[in-house]
Amino acid sequence: MAISPNPTRLILLTTLISLIISLSTSVSDPEKLLTELLTLQSQSTAGIIHLNDQTVSRFIVSTKTPRPYSLLVFFDAKEHHDKAELHLAELYYEFKILATSFITNHPDNSSASYGKLFFCDIEFKDSQSSFILFGVDSLPLLRLVNPNVKNPKDSEAMDQGDLSRMAESISDFILSRAKLSVGPIHRPPPISKNQYAFLIVVLLIWIPFMIKKLSTGQTLLQDWKIWLCGAVFVYFFSVSGAMFNIIRKMPMFLGDRNDPNKLIFFYQGSGMQLGAEGFAIGFLYTVVGLLLAFMTHVLVLAKNVTVQRLVMVVSLVFSFWAVNEVIFLDNWKTGYGVHTFWPSSWN
């Protein structure tokens with residue numbers, strides 16, 4: 001996402017922060033700044049320190065280097081949290097998990113040879129001048145301000161493509177750039193303790209009713225219709241190549257390049273299978289399987305021999321046609337011919 005601040009406001013903000021920096025008559029004591037950061041961290045939500053233009057100037061711009069601390073800055077724009085393509089809300093949630101995990105693993109915030117690490121965020125709406133100081137022109141973005149960085153633009157930015165692994169990728173970035181180990185990432189459990197206790201109570205109440213239904217055979221797992229539908233679904237899923245379509249993310253059909261108004265449901269070529277042709281083959285095979293099951297389990301119970309023979313002939317003819325269509329499609333797609341070999345004595 002491109003950042004487009006108001007030019008007039010930015011000029012005023014930049015001038016103001018420059019005046020603040022130039023009018024600074026003394027440099028703050030590094031140990032005092034470190035104490036302030038620790039205080040802000042303890043007072044913040046999830047250990048993330050919120051920075052603005054003034055605190056950026058105090059903790060980064062107007063300090064002597066090397067500083068006794070490092071800052072990992074998350075650049076945020078809450079007004080764009082609803083844009084799914086940016087994943088800002090999701091990334092900020094992962095950033096909070098990483099911050100709390102680091103504080104849990106390092107309660108004294110001790111680090112390697114050159115200082116301590118603090119997790120910070122900067123909101124675009126109230127800190128546009130800071131965005132300019134860091135040279136931020138798109139989101140999402142994380143920057144690591146190491147102790148020796150004098151100009152915020154020289155801080156190390158994390159590649160946006162590496163953010164796909166969320167907290168784990170940020171942890172790797174910290175380890176590679178700051179030589180600091182975050183340690184194990186502590187994610188909250190999927191359900192809270194109260195929800196867990198509620199589920200246990202519901203389970204204890206439900207167990208007697210479940211035992212009664214099991215003893216009388218009234219559960220869904222004991223219904224033959226459910227098992228029949230499940231078996232047919234598994235058979236169709238197996239013979240239709242649905243797993244291939246899911247793994248390869250194959251479309252149901254394609255548009256014809258020569259005729260935009262025409263759709264292609266069957267693609268000639270062994271290296272590709274469209275979803276429509278897989279479903280067509282699966283349907284033919286499933287019908288053949290159901291006819292075979294019908295003839296071996298239901299048709300044999302019919303007392304009328306004429307009906308038995310008529311249904312069996314129709315089923316066999318349809319099955320022969322369906323298998324022949326499948327073979328024809330395979331020959332058309334692959335170019336290989338499949339034909340019947342008769343015994344030599346029949347020639």
Side-chain angles (χ1 to χ4, degrees), residues 190 206 209-344 346-347:
W206 177 70
F209 297 97
M210 185 61 187
I211 293 176
K212 180 180 178 180
K213 286 184 174 294
L214 283 173
S215 61
T216 57
Q218 297 178 357
T219 64
L220 292 177
L221 295 178
Q222 293 169 301
D223 189 348
W224 66 270
K225 298 176 183 177
I226 299 296
W227 285 97
L228 176 61
C229 294
V232 173
F233 172 77
V234 171
Y235 181 81
F236 175 82
F237 191 85
S238 302
V239 299
S240 65
M243 184 58 68
F244 174 88
N245 296 332
I246 294 174
I247 294 175
R248 299 292 184 89
K249 298 181 179 180
M250 301 303 296
M252 290 295 295
F253 51 83
L254 294 175
D256 193 343
R257 295 181 180 179
N258 299 324
D259 187 359
N261 298 322
K262 184 179 179 181
L263 299 177
I264 299 176
F265 294 93
F266 294 87
Y267 185 86
Q268 188 172 14
S270 58
M272 182 176 180
Q273 173 184 297
L274 296 176
E277 60 186 275
F279 284 148
I281 299 301
F283 172 77
L284 292 176
Y285 271 133
T286 302
V287 172
V288 171
L290 290 175
L291 288 176
L292 179 61
F294 177 79
M295 288 187 292
T296 56
H297 290 78
V298 179
L299 188 59
V300 293
L301 301 178
K303 298 180 179 180
N304 192 320
V305 178
T306 303
V307 173
Q308 282 185 338
R309 292 175 179 175
L310 179 62
V311 173
M312 184 173 295
V313 169
V314 173
S315 300
L316 290 175
V317 170
F318 180 85
S319 300
F320 179 83
W321 171 83
V323 174
N324 185 67
E325 289 297 313
V326 173
I327 294 175
F328 172 79
L329 179 62
D330 182 75
N331 294 344
W332 176 75
K333 284 183 65 67
T334 63
Y336 293 98
V338 178
H339 55 88
T340 305
F341 288 89
W342 302 106
S344 58
W346 291 13
N347 294 330

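For the single chain, residues carry numbers from 1 onward in sequence order. These figures come from a predicted structure and were not determined experimentally.
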Measure the spacing between [atom1] of [X] and [atom2] of [Y] and express it to the nearest 0.5 Å.
X: M312; Y: L291; atom1: CE; atom2: CG; result: 11.5 Å
X: L228; Y: L290; atom1: CG; atom2: CG; result: 8.0 Å
X: F233; Y: T286; atom1: CZ; atom2: OG1; result: 11.0 Å

Original post:
Is the ring centre of F209 less than 6.0 Å from the ring centre of W206?
Top reply: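 Distance test on ring centres: not under 6.0 Å, no.
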Subject >> Closest non-hydrogen atom pair between V300 and Q308, with its separation >> reply: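 What the structure gives for the nearest pair is O-NE2, 3.5 Å.
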Subject >> Heavy-atom pair with the smallest gap, counting every atom of W321 and L284 >> reply: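 In terms of heavy atoms, the two residues are closest at CZ3-CD2, 3.9 Å.
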Other residues, nucleotides and ligands only: do more than 12 of their heavy atoms fall within 6.0 Å of [atom1] on [X]?
X: F318; atom1: CZ; answer: yes
X: F283; atom1: CZ; answer: no
X: F294; atom1: CZ; answer: yes

Original post:
If we only count heavy atoms from C-beta on, is the F236 to Y285 side-chain gap below 4.5 Å?
Top reply: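 No, their side chains stay 4.5 Å or more apart.
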Original post:
Are I281 and V239 side-chain neighbours, meaning at least one heavy-atom pair lies under 4.5 Å?
Top reply: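 No, their side chains stay 4.5 Å or more apart.
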